[in-house]
Amino acid sequence: MDRLSLLIWIPVATMLLIGMFKDPKKVRLIAAGGMAVQLIQILFLLFAFFAERNAGNTSEMLFVTDVVWYKSLNIHYAVGIDGVSVALILLTGIIIFTGIFASWEIEDRTQEFFITLILLATGVFGFFISLDLFTMFMFYELAVIPMYLLIGIWGSGPKEYSAMKLTLMLMGASALLLVGVLGIYFNSAPDGGELTFNFIEISKINIPEAAQYFFFPLTFVGFGVLAAMYPFHTWSPDGHASAPTAVSMLHAGVLMKLGGYGALRIAVMLMPEAAQGMAWFFIILATIGSVYGALGAVAQKDLKYINAYSSVSHLGLILFAALMFNQVAFEGAVLQMISHGLITALFFALIGMIYSRTHTRNIYEMGGLMKVMPILGVAYMVAGFASLGLPGFSAFVAEMTIFVGAFQNDDLFIRVATILVISSIVITAVYILRAAAIMLFGQIKNKEFELLPDARWYDKVAVFILIAVIAGMGMFPGWLADMIYNDLTPMFSRIITN
Amino acid sequence: MELSKFLVMRSELSLLAVVLILLIAEIFSSKSNRNAIINLATGLFLLHTILGFLPSVEGQLFGGMYQHTGLSEMMKSVLNIGVLILFMQSSGWLKQESNKGKVTEFFMLTLSTLIGMYFMISAGDFLMLYLGLELATIPLAALVAYNLKEMKSIEAGAKFILLAALSSGIMLFGISLIYGSSGSIYYADVIGHMNMNILQIVALTFFLSGLAFKISLVPFHFWTADVYEGAPTNVAAYLSVISKGAASFVLVTLLFTVFKELFDAWEVLLYAMAVLTMTVGNLFALRQQNMQRFLAFSSIAQAGFILLGIISGTHYGMSTVIYFVLVYIFSNLGAFGVVAIVLNASGKINMDDYKGFYQTNPRLSLVMLLSLFSLAGIPPIAGFFGKFFLFAAAAEQGYYWLVIIAVLNTIISLYYYLLVVKSIFLERSDNPIALIKSDFLTKTSIALCVIGVLAAGVFSQVFDWVDLYSWGM
């Protein structure tokens, strides 16, 4: 078996193993063990990837396995990775591993919870290694549908409503995407020859422009909804607020990045002419999204809603960068996916931990928590500083790259949009600091809170790993940024020459 | 004619043999010994199904009235698989006290309709087709009215026979017009005389309405919900998968051969019917509480998707239609199977009754989940592949707007399938349906459905098998 398919088989084996045990303690250990193996395998993969690149292997995708699956439609099971996807796979591995620890306290239907959660992660891993649009689409849907059960069964608040809304909106988006994928496929050989779903192959040919203008909006919106593109972001705050901790982490941290990755890699890269022609429209939507999301976060008092709107804002940045047609901005988009994934996962993990102690997420009902739970409090401050773009943390690197790239565009419209988008960063500081100040400092408002325990060992595992990676990426961004930048070169050069 | 040439009709003959053996067994069996009949019927049918997979000779009989090809053999095998699962599924229900005196009748009536469907598929002229259609319809009315002591069942039977008679009358009128305009009822002769004159378009329309009734396409669907609700669950399942599947097969083969020249006419008709069928079926399914009615409307909507494959007119389109029907057999029989098991054990049929079902019956709940997700088209379950391929077949010919309408419809359908999932998994109840124990045959049938929906998509060999025998216009 090749090493990329292992990324699917390890979670599958973990699920099967979990299925054999009912005892919550064993289930948790198996889940953590399985995902630890997965993370180690990803680290080995990363080293192997670097070894190959350093040895001078410049092929676009490494570790490629390509097997014909359905020959009548020329569907292949084709997997491979480059610098962009391996970075996102690493992100997924970290977040699912920490997510297991963040959901250590789930006692209701534990077995089913972890199986469904890992199923979701399997879909995400499959998505990122796919080179074939069909399997990519398949894994996309596979990653979305477990959300319904995860939110509906283990969520809180109006969970049934949120779960249904989220599922229908995301599956609606995937329906548009299906048409887009079919359109790309049937236009993948304009000069005759064999049609293909392989997006590396497709990126080498020119899809006829008329077709591009029909299928680009479908594809971009299809992926964009998952990246909470304004005005289709409404599933995100409700869904995140109702979801259990690990699901929020995984969803905001990774699943929404599927949208960004697809929008950049499939919609923009495969149909560059239409993307350029229609960019103005989607740039407006992305700008509105990032400013509106930030303003929305200011108006919220529920911690999860604050963070969900913050995600809308930061994902707006990714979509914005994906439309800049500038390699630096593209690099920034990918960096932002990783950075935001880590930070938002940390946020949601902390919110879950705080909520399980205080049983409220309303910031006005809390106060002075720093005295009661210093570790969680400090971690929350770190997450906040990272999120508002303090140098030394990952978000600074990512956002800076996006703005530098975007501003290189010598076009008034784009420059104005860039300035507007930058202003959302300022608003970010407002809502982050405001929430932290009200919740963590000042007087303890509720006497009962004085007895609350601080982080337990499994909380610490989750929090420390995430903080370490965020800080590490902020201080040593070079290797990651170079890897992404270099591997974007072949695709980007094709866009420019076409 | 040589006697050995009759072996071309192998599948019909062996099915007839099964019916006759059952008839004899009925004479020798006592009233208390009905289980043996169920096992015998299932066993014989299993043999018959296996026989269908053995290599056979292509050929025709009676001067072309009967044709046997690899395609027809494969279509019959697909139907056989469905009927086999259905027979096993019915065992729990047939063993009930109220069905004591009429177990053999169930099998004989079902198998008679199946012979009718065989003849429809293998027909080489319109007369044979019509005979097959009638044979496939009239015993079904008796099956629908199987619960003689229930008003609903009788009413459904009466409704079914009246509307079926009306639609077959219209179809016969269509056939007479075809004869009038071409001077023959043999497919091979008719093809050459098709030239898009107005008479032939009217004939096509009338003819289609007869088949549309069987597939329950809008606007010929009005009988569906009432009949499915009144009929015994297993008979409703038979109507929704086997009867519908057979009619779809006939529709696709006839449109691709006899009515090939009238493509411009039936393209419009099918387009309109596809849009209407998907939309109406889905919108009505949204508000159903009774699970049998719910599945009835869902099956109407599913039929609309089948038309997307037919309208393409390609080899690939035909493969996807047959493949979709095969997958649909597994998924719908899984869903109907669970509904039947619950109804027989507890008498409950409403969606609300399923609240908290997972607490007590986790396995059946998972079967229901898989079946519904397969119907909704969620990967990696087979239904996803079935739908994707149908959409691809339509998209290949440039029907992108039709595909967009269809995918939006899948979202509506996802909503109501999730409503059932919600009842079963999300909601909790203080007195859910108690743990249900089923007999061996029922369990096996459910297991076959689960294997079917899990394997038919992931293993591309299933599609390749179907693809091997298909052809395009």
Side-chain angles (χ1 to χ4, degrees), chain A residues 67-73 75 77 108-109 111-112 116 119 122-123 126 134-135 137-146 148-149 151-155 159-160 163-165 167-187 195 197 211 214-215 218 222, chain B residues 314-316 319-320 323 358-359 362 366 369 373 376-381 384-385 387-389 391-415 417-419 421-423 425-428 457-464 466-468 470:
Chain A
V67 190
V68 179
W69 190 9
Y70 277 94
K71 57 180 175 293
S72 43
L73 268 191
I75 293 171
Y77 170 77
D108 173 38
R109 299 186 186 173
Q111 190 189 25
E112 291 88 336
T116 325
L119 180 67
T122 314
F134 177 84
T135 51
F137 178 76
M138 189 182 92
F139 283 121
Y140 171 103
E141 292 212 328
L142 186 62
V144 168
I145 204 73
Y148 180 75
L149 296 172
I151 296 177
I153 298 178
W154 295 277
K159 54 186 184 179
E160 284 161 15
M164 188 64 94
K165 183 174 180 179
T167 315
L168 289 185
M169 283 190 76
L170 293 186
M171 294 305 275
S174 88
L176 298 181
L177 186 60
L178 188 150
V179 185
V181 166
L182 285 175
I184 294 173
Y185 170 71
F186 285 115
N187 287 293
L195 300 171
F197 274 110
F214 190 75
F215 297 112
L218 290 173
Chain B
T314 53
H315 171 131
Y316 185 66
S319 310
T320 58
Y323 178 70
Y358 182 71
Q359 293 163 256
L366 285 175
L369 181 81
F373 275 5
I378 305 289
I381 309 167
F384 168 77
F385 295 86
K387 280 212 176 114
F388 190 96
F389 294 161
F391 297 161
E396 190 182 8
Q397 299 303 309
Y399 295 104
Y400 284 107
W401 286 108
L402 187 59
V403 176
I404 290 179
I405 296 169
V407 292
L408 292 179
N409 264 297
T410 60
I411 301 308
I412 305 178
S413 74
L414 180 65
Y415 171 73
Y417 292 128
L418 283 181
L419 284 183
V421 175
K422 182 176 132 194
S423 269
F425 287 87
L426 271 56
E427 311 212 9
R428 320 242 163 151
V458 176
F459 294 101
S460 57
Q461 286 83 354
V462 181
F463 185 83
D464 292 340
V466 172
D467 201 46
L468 196 65
S470 306

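Just so we're on the same page: letters track the sequence lines, and every chain starts at 1. Atoms considered below: every heavy atom in the structure, side chains included; atoms not considered: hydrogens, waters and symmetry mates.
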Toward chain B, the part of A:Leu182 with a non-hydrogen atom under 4.5 Å: both
Salt bridge (charged side-chain N to carboxylate O under 4.0 Å, His left out) involving A:Lys159 - partner list, sequence neighbours excluded: none
Contact winner vs chain A - B:Asp464, B:Leu419, B:Leu418, heavy-atom pairs under 4.5 Å: B:Leu418
Geometric class of the A:Phe134/B:Phe388 ring pair [parallel <30°, tilted 30-60°, perpendicular >60°]: perpendicular
Distance flag, aromatic centroids of B:Tyr400 and A:Phe186, threshold under 6.0 Å: no
Minimum heavy-atom distance between B:Gly377 and A:Glu141, given as atom pair plus value: O-OE1, 3.6 Å
Distance-minimising heavy-atom pair for A:Leu73 and B:Ala392: CD1-CB, 3.9 Å
Engaged part of B:Phe384 at the chain A interface, taking heavy atoms whose separation is under 4.5 Å: side chain
B:Tyr358 and A:Glu112, any side-chain heavy atoms less than 4.5 Å apart: yes
Distance-minimising heavy-atom pair for A:Trp69 and B:Ser460: O-OG, 2.8 Å
For the student: nearest non-hydrogen atoms of B:Asp467 and A:Ser72, plus distance: OD2-CB, 4.0 Å
Between A:Tyr185 and B:Glu396, a side-chain donor and acceptor under 3.5 Å: no
Which portion of A:Ile75 sits near chain B, non-hydrogen atoms under 4.5 angstrom: side chain
Within the 6.0 Å centroid threshold, strictly below: B:Phe373 and A:Tyr148: no
Under 4.5 Å from a heavy atom of chain B, the part of A:Phe215 involved: side chain
Contacting moiety of A:Leu168, where chain B heavy atoms sit under 4.5 Å: both
Region of A:Met171 in contact with chain B, defined by heavy-atom distances below 4.5 Å: both
Structural part of A:Phe214 lying under 4.5 Å from a heavy atom of chain B: side chain
pair B:Leu426-A:Met164: side-chain heavy atoms closer than 4.5 Å: no
A:Tyr70: which of B:Phe389, B:Phe459, B:Tyr316 passes ring-ring contact (aromatic ring centres under 6.0 Å, His included): B:Phe389
Just distance, no hydrogens or angles: give the donor-acceptor pairs under 3.5 Å from side chains in residues 403-414 of chain B, sequence neighbours left out.
residue, atom, partner, partner atom, Å
B:Asn409, OD1, B:Asn282, ND2, 2.9
B:Asn409, ND2, B:Ile405, O, 3.2
B:Thr410, OG1, B:Val407, O, 2.4
B:Ser413, OG, B:Thr410, O, 2.7

